[in-house]
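Read through the structure below, which is laid out as structure tokens, and then see the notes.
Treat the numbers as computed from the prediction; the structure is a model and nothing was measured. Residue numbers count from 1 along this sequence. In listed order, ligands and their atoms are each counted from 1.
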Amino acid sequence: MDYSRFLSKISAARQTNPARLTNELAKRISSLIMLAGGLPNADYFPIKTASITLDDGTTIEIGEELMKIALQYNSAEGIQELVSWLEDLQMKIHDPPTAKYAPENGQMKICVTVGSQDGLHKIFDMLINPGDNVLMDEPNYVATLTGLRPLGCNIISIPSDEHGIIPNALKDILSRWRPENSKIPKCLYTVPNGGNPSGSSLTAERKKKIYQLAKEYNFLIIEDDPYYFLQYEKTIAPSFLSLDVDGRVIRCDTFSKVISSGFRIGFVTGPSPLIDKIIQHTQVSTMQNSTFTQVLLLQLFKKWGQKGFLDHTDRVATLYRKQRDSMLAAADKWLKGLAEWYTPKAGLFLWIKVKGISDTQEMITIKALEKGVVLLPGRAFMIDSSKPSPCIRASFSFASPDQMDQASTVCSISGHKEERFYLNV
Ligand code: PMP
């Protein structure tokens, strides 16, 4: 594939930071006398060791030698051992067809990012020039929308339902362009599992059709999948990455939902020429993710092994499934007839459409708040956020089932239809 067609002007102009090249060289040839880089001397750092206690009572020890590494600069793409661990994880879960391709043909490559948000921001910087067309389903993740708007691109809404993007609708939209037209959208962005805020999850069949359209019209697919490990059904649809025979999928993963959001560790998997561009961006922005948190995460992964990690994510998904069911029970009890929703198969959100009103903005930002309930009005998640929306996003990640129930009790006392609604979600 010719990746140059996809690069923004900024990204095409990016070059590798020469200071980073000498650091890489020094790492590979340990006998070199290192006078080039600005590495501080780790012997002078004040922190010597750490002992971290896990929820099962066992500990992770970081001794003096490992701590020196943990406190030092490291590679922009992530510490090598962690990157290798993540590669093995992607092979196990997604088995990407591109794994054995030549780098220039889009071989799968990984770089660690400061959460998936950082990865997304760098992907958009890499791809988008003002005036470019970008496809996405609506409603969609608010930070993606707020990140994209200032880049001056045209965000094109693709009709969707509880199973995500509707392929025929996408096909209709794409038929506005001939495949060779240079204005054809460069990329499609979607959250394939447990959409934020929609709670929708793409089916395997739809993913295949969308991938076919991506081939036909030559656009990239940005698969932002933070809720991959929070899927509540037995059968899981294959990811876009696992369908990617061309090297046109850029996938964002994160440990925010299953290990720690404060660690700020995510990773991007995609074709080597594009991941290299993200790494060049990292070299001149964040420089790298914190070595300390990468070392700590790696020690955790070494302790667990791949199976232990996957068992952990299963346990977390079981907990959130219960939360989801509590939310659904509260909604069923109090909102039937007043609103509509579907059961999210993944993620943390219930997307509720209120009947008989055109906009939830005031109801949520003033009235619900006065009653002590914080929710998000639907507008925030629309491509044009100035337009009214009858929807609400309710998150079931944080409130305990008791709190959800408590809100229901308050509401049953009020008896007033509208109050009853917003107190219960
Ligand atoms: N994408 C989506 C769809 C999200 O919901 C979130 C977090 N709310 C992110 C990306 C960012 O996650 P991270 O903490 O990994 O940056």
Side-chain angles (χ1 to χ4, degrees), residues 78 82 86 89-90 110-125 127 134-149 155 158 160 162 164-165 187-202 221-232 239-241 249-270 278 281-282 285-286 288-290 293-294 297 309 313 316-317 320 323-324 344-351 374-376 378 380-383 385 391-398:
L82 178 62
L86 297 174
L89 184 69
Q90 296 303 62
I110 286 178
C111 68
V112 174
T113 51
V114 184
S116 50
Q117 190 67 45
D118 174 48
L120 286 172
H121 176 77
K122 286 171 179 161
I123 291 167
F124 296 137
D125 168 277
L127 302 179
V134 175
L135 302 160
M136 69 165 69
D137 43 326
E138 191 181 22
N140 217 320
Y141 178 43
V142 68
T144 291
L145 288 167
T146 39
L148 277 174
R149 284 189 198 110
I155 309 175
I158 317 164
S160 58
E162 66 176 290
I165 289 170
C187 59
L188 174 149
Y189 167 88
T190 196
V191 179
N193 296 300
N196 177 0
S198 66
S200 67
S201 293
L202 269 168
I221 296 176
I222 302 167
E223 176 172 51
D224 179 19
D225 205 358
Y227 306 106
Y228 178 83
F229 294 113
L230 303 185
Q231 297 193 60
Y232 310 129
S239 62
F240 281 114
L241 184 66
V249 173
I250 316 174
R251 181 181 162 85
C252 295
D253 282 282
T254 179
F255 295 108
S256 282
K257 314 296 170 181
V258 289
I259 291 186
S260 160
S261 46
F263 263 26
R264 308 305 304 130
I265 296 197
F267 59 107
V268 181
T269 309
I278 296 175
H281 187 166
T282 299
S285 56
T286 50
Q288 58 166 97
N289 197 306
S290 151
T293 46
Q294 290 184 78
L297 188 65
F309 167 71
T313 60
V316 178
Y320 281 120
Q323 294 277 110
R324 177 202 64 176
K345 295 192 176 79
L348 302 176
F349 308 108
L350 189 66
W351 183 240
V374 186
L375 293 153
L376 280 177
F381 305 95
M382 306 313 279
I383 292 172
S385 60
C391 296
I392 291 173
R393 189 192 78 175
S395 163
F396 49 82
S397 61
F398 216 75

Query - Residue and atom name of the nearest protein heavy atom (relative to atom 10 (C) of ligand 1), distance in Å to one decimal - result: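 I find the closest protein heavy atom is Y141 CE2, 3.3 Å.
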
Query raised in the report: Who's the nearest protein heavy-atom neighbour of atom 12 (O) of ligand 1, and how far?
Result: S116 OG, 3.3 Å

Atoms in ligand 1 with a heavy atom of [X] nearer than 4.0 Å:
X: G115; value: 15 (O), 16 (O)
X: R264; value: 13 (P), 14 (O), 16 (O)
X: D224; value: 1 (N), 2 (C), 3 (C), 10 (C)
X: V191; value: 3 (C)
X: S256; value: 13 (P), 14 (O), 15 (O)
X: T254; value: 13 (P), 15 (O)
X: P226; value: 1 (N), 2 (C), 3 (C), 4 (C)
X: K257; value: 7 (C), 8 (N)

Query raised in the report: Rounded to the nearest 0.5 Å, what separation is found between the OG1 atom of T144 and the CD1 atom of I383?
Result: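 Those atoms lie 11.5 Å apart.
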
Query - Separation between OG of S198 and CZ of F381, rounded to the nearest 0.5 Å - result: 10.0 Å

Requested in this report: Compute the minimum heavy-atom distance from Y227 to ligand 1 and say whether it is under 4.0 Å.
Outcome: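 Per 4.0 Å heavy-atom rule, Y227 contacts ligand 1.
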
Query raised in the report: For ligand 1, is there an atom lying under 4.0 Å from some heavy atom of G266?
Result: no

Polar side-chain atom of [X] near backbone of [Y] as donor-acceptor pair, under 3.5 Å:
X: E223; Y: P192; answer: no
X: D118; Y: G115; answer: no
X: N289; Y: G78; answer: no

Query raised in the report: Counting both backbone and side chain atoms, is some N or O of Y189 under 3.5 Å from an N or O of ligand 1?
Result: no

**Report entry** Distance-minimising heavy-atom pair for P344 and F396
**Finding:**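 Taking every non-hydrogen atom into account, CG-CE2, 4.0 Å.
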
